[in-house]
Amino acid sequence: MDQGNNSRVTQFVLHSLSGPQELQLFYFAFFTLFCSSIVLGNLLIVLTVLSEPALHTPMYFLLSNLSFIDVCLSTFATPKMIIDFLKEHKTISFEACMAQIFFQHVFAGGEMMLLVAMAYDRYVAICQPLHYAATMNVHKCTGLVVGSWLVGVLHSVSQLIFIVNLPFCGPNQVDSFFCDLPLVIKLACTDIYIFERLMLLNSGLIATSSFVLLFISYTVILITLRLRSSIGMAKAQAILTAHVTVVTLFFGPCILIYTWHFSNFLVNNILSIFYTVFTPLLNPLIYTFRNKEVISAMQKLMRRKVSS
């Protein structure tokens, strides 16, 4: 801490998964492999979509952007956690802590909006197929992606703008492997009741509005699918199942973390790890293994790389 008339925390101590040195080395190897798989898997999807003309459609354009955000979401804190497994003292500077909070909410907020955009794309494709080509044009798709990033940035700035000015002068132990906002704000040396309410209102607003839009969209789509029966509708239903699965896996841990603060340190860490590490890996697995077009395009890409 800085010494003077007012002490100020200059670094925080992070609490990662603990255990003997052998277990820490296992965690290091396991999460290194996992993080590498996430980055490679999602970048493979992006490269496949860019290189295969058959995938130059709105749905796959949005999917490639989702994969890119997943790469960002899995790397804003996980590499720091992996390195900390090899260190005895797991600390992070105040500035780096604020940066983690900022990027977490940029990527998480952007992903929520992008999932809404993907639901809108499926709604138009299934419920208004005759207007799909005109509605989901290049400008509309680009606008949806840019809008998702802008919402993420605005959401993050509105969360960070008040926490950076809070006084942190006492405890600096964060019960997580990264600077998670609900845990960091509890360390402020002031009454945080209003700030907690603002934090929950902000995160709750974007999460709830996104979830309601997704719920309405997928409900309408499911009703439409029940009224139709064809090979095309069967394919649409398979794609829809993948979308719903991803939404559930993404919003579930996020809602639990921000609305139900578990006193158990291990439970908090498991939820945080699932949210930031496992979900970005599950997304490409769900979309690719259930999608013959993507698998076929990946095989073509691999054959071109081998033959070249």
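Small disclaimer: the values here were computed from a predicted structure and weren't measured.
- Between C97 and F178, the closest side-chain pair of non-hydrogen atoms is not below 4.5 Å.
- When all heavy atoms of V164 and F94 are compared, the closest pair comes out as O-CZ, 4.3 Å.
- Looking at heavy atoms from C-beta onward, F162 lies out of side-chain contact with N202 at the 4.5 angstrom threshold.
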Audit row: E293, Y60, side chain to side chain donor-acceptor pair (under 3.5 Å) steps and yes/no: CA-CA 10 Å; E293 290 179 324; Y60 293 113; 2.4 Å; yes
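- Side-chain atoms of D180 do not come within 3.5 Å of backbone N or O of S176 as any donor-acceptor pair.
- Taken to the nearest 0.5 Å, the CG atom of L130 stands 9.5 Å off from the CD atom of Q128.
- Using modelled atom types, one side-chain atom of N137 and one backbone atom of K140 make a donor-acceptor pair closer than 3.5 Å.
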Give the C-alpha distance, both sets of side-chain angles, the deciding distance and a yes or no for side chain to side chain contact (heavy atoms under 4.5 Å, CB included) between Y123 and V220. CA-CA 8 Å; Y123 165 78; V220 173; 3.7 Å; yes
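- Here the OG atom belonging to S67 is positioned 11.5 Å from the CG atom belonging to L47, to the nearest 0.5 angstrom.
- Looking only at distances, no side-chain donor or acceptor of K90 sits under 3.5 Å from a matching main-chain atom of L14.
- In this structure the side chain of V184 reaches within 4.5 angstrom of the side chain of V174, judged on heavy atoms.
- Of the possible donor and acceptor atoms, one in the side chain of S209 sits under 3.5 Å from a partner among the backbone N and O of I206.
- With hydrophobic clusters built from ILVMFWY side chains whose heavy atoms lie under 4.5 angstrom apart, L40 does not share a cluster with I45.
- For L183 against L187, the heavy-atom pair with the smallest separation is O-CG, 3.7 Å.
- Between the CG atom in N65 and the OG1 atom in T142 there is a gap of 8.5 Å [rounded to 0.5 Å].
- The side-chain heavy atoms of K300 and T48, taken from C-beta on, include no pair separated by under 4.5 Å.
- For the atom pair CZ of R303 and CE of M298, the computed distance is 13.5 Å after rounding to the nearest 0.5 Å.
- In terms of heavy atoms, L62 sits closest to D121 at CD1-CB, 3.8 Å.
- Here the side chain of T75 pairs a donor or acceptor atom with the backbone of C72 at under 3.5 angstrom.
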Evaluate H105 against L160 for side chain to side chain contact (heavy atoms under 4.5 Å, CB included), listing each step before the verdict. CA-CA 9 Å; H105 287 270; L160 198 65; over 6 Å; no
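- Remark: side-chain polar atoms of T208 are not paired, donor with acceptor, to backbone N or O of L205 under 3.5 angstrom.
- Between F215 and F211, the ring planes are parallel. Angles under 30° get that label, and only those over 60° would be called perpendicular.
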Show your working on side chain to side chain contact (heavy atoms under 4.5 Å, CB included) between R122 and S217 and close with a plain yes or no. CA-CA 9 Å; R122 292 300 85 202; S217 298; over 6 Å; no
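- Two rings, from F76 and F102, have their centers 6.0 Å or more apart.
- Here the side chain of N172 pairs a donor or acceptor atom with the backbone of Q11 at under 3.5 angstrom.
- The two residues E111 and L73 come nearest to each other via the heavy atoms OE1-CD2, 3.9 Å.
- For the pair S158 (side chain) and H155 (backbone), a donor-acceptor distance under 3.5 Å is present.
- In the displayed structure, F68 atom CZ is contacted under 6.0 Å by at most 12 heavy atoms of other residues, nucleotides or ligands.
- At least one donor-acceptor pair closer than 3.5 Å links the side chain of Q100 to the backbone N or O of C179.
- The six-membered or imidazole ring of F168 lies near that of F12, with a centre-to-centre distance under 6.0 Å.
- Side-chain contact check for V71 versus I38: every heavy-atom pair is 4.5 Å or farther apart.
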Pair Q159, S203 - check side chain to side chain donor-acceptor pair (under 3.5 Å), show working. CA-CA 8 Å; Q159 290 284 60; S203 296; 2.7 Å; yes
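- Linking ILVMFWY side-chain heavy atoms closer than 4.5 Å, directly or via other members, places L198 and I185 in two distinct hydrophobic clusters.
- The line from OG1 of T57 to CG of L55 is 6.5 Å long, rounded to the nearest 0.5 Å.
- Of all heavy-atom pairs spanning C127 and P129, the tightest one is C-CD, 3.4 Å.
- In this structure, R197 forms a cation-pi arrangement with Y193, its terminal cationic atom sitting closer than 6.0 Å to the ring centre and no more than 45° off the ring axis.
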Go through the steps for M136 and M59 under the test side chain to side chain contact (heavy atoms under 4.5 Å, CB included), then give the verdict. CA-CA 9 Å; M136 297 302 295; M59 182 180 74; over 6 Å; no
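- Here the closest non-hydrogen pair linking I82 and C35 is CD1-CB, 4.0 Å.
- Between L144 and Y120 the shortest side-chain heavy-atom distance falls below 4.5 Å.
- The distance from atom CE of M81 to atom CG of D84, rounded to the nearest 0.5 Å, is 9.0 Å.
- In terms of hydrophobic clustering, with Ile, Leu, Val, Met, Phe, Trp and Tyr side chains grouped at heavy-atom distances under 4.5 Å, L214 and I221 are assigned to a common cluster.
- Side-chain atoms of H56 come within 3.5 Å of backbone N or O of L50 as a donor-acceptor pair.
- Residues V138 and V124 do not share a hydrophobic cluster, clusters being chains of Ile/Leu/Val/Met/Phe/Trp/Tyr side chains in contact below 4.5 Å.
- Ring geometry for Y27 against F31 counts as tilted: the plane angle lies between 30° and 60°, on a 0 to 90° scale.
- Counted within 6.0 Å of CD on Q173, heavy atoms from surrounding residues, nucleotides or ligands total more than 12; the atom is thus considered enclosed.
- A 4.5 Å side-chain heavy-atom check between T219 and L222 finds every atom pair outside the cut-off.
- In this structure, V46 and N42 have side chains that are not in contact, with every pair of non-hydrogen atoms separated by 4.5 Å or more.
- By the criterion of side-chain heavy atoms lying less than 4.5 angstrom apart, applied directly or through intervening Ile, Leu, Val, Met, Phe, Trp or Tyr residues, V39 is not grouped with F103; the two fall into different hydrophobic clusters.
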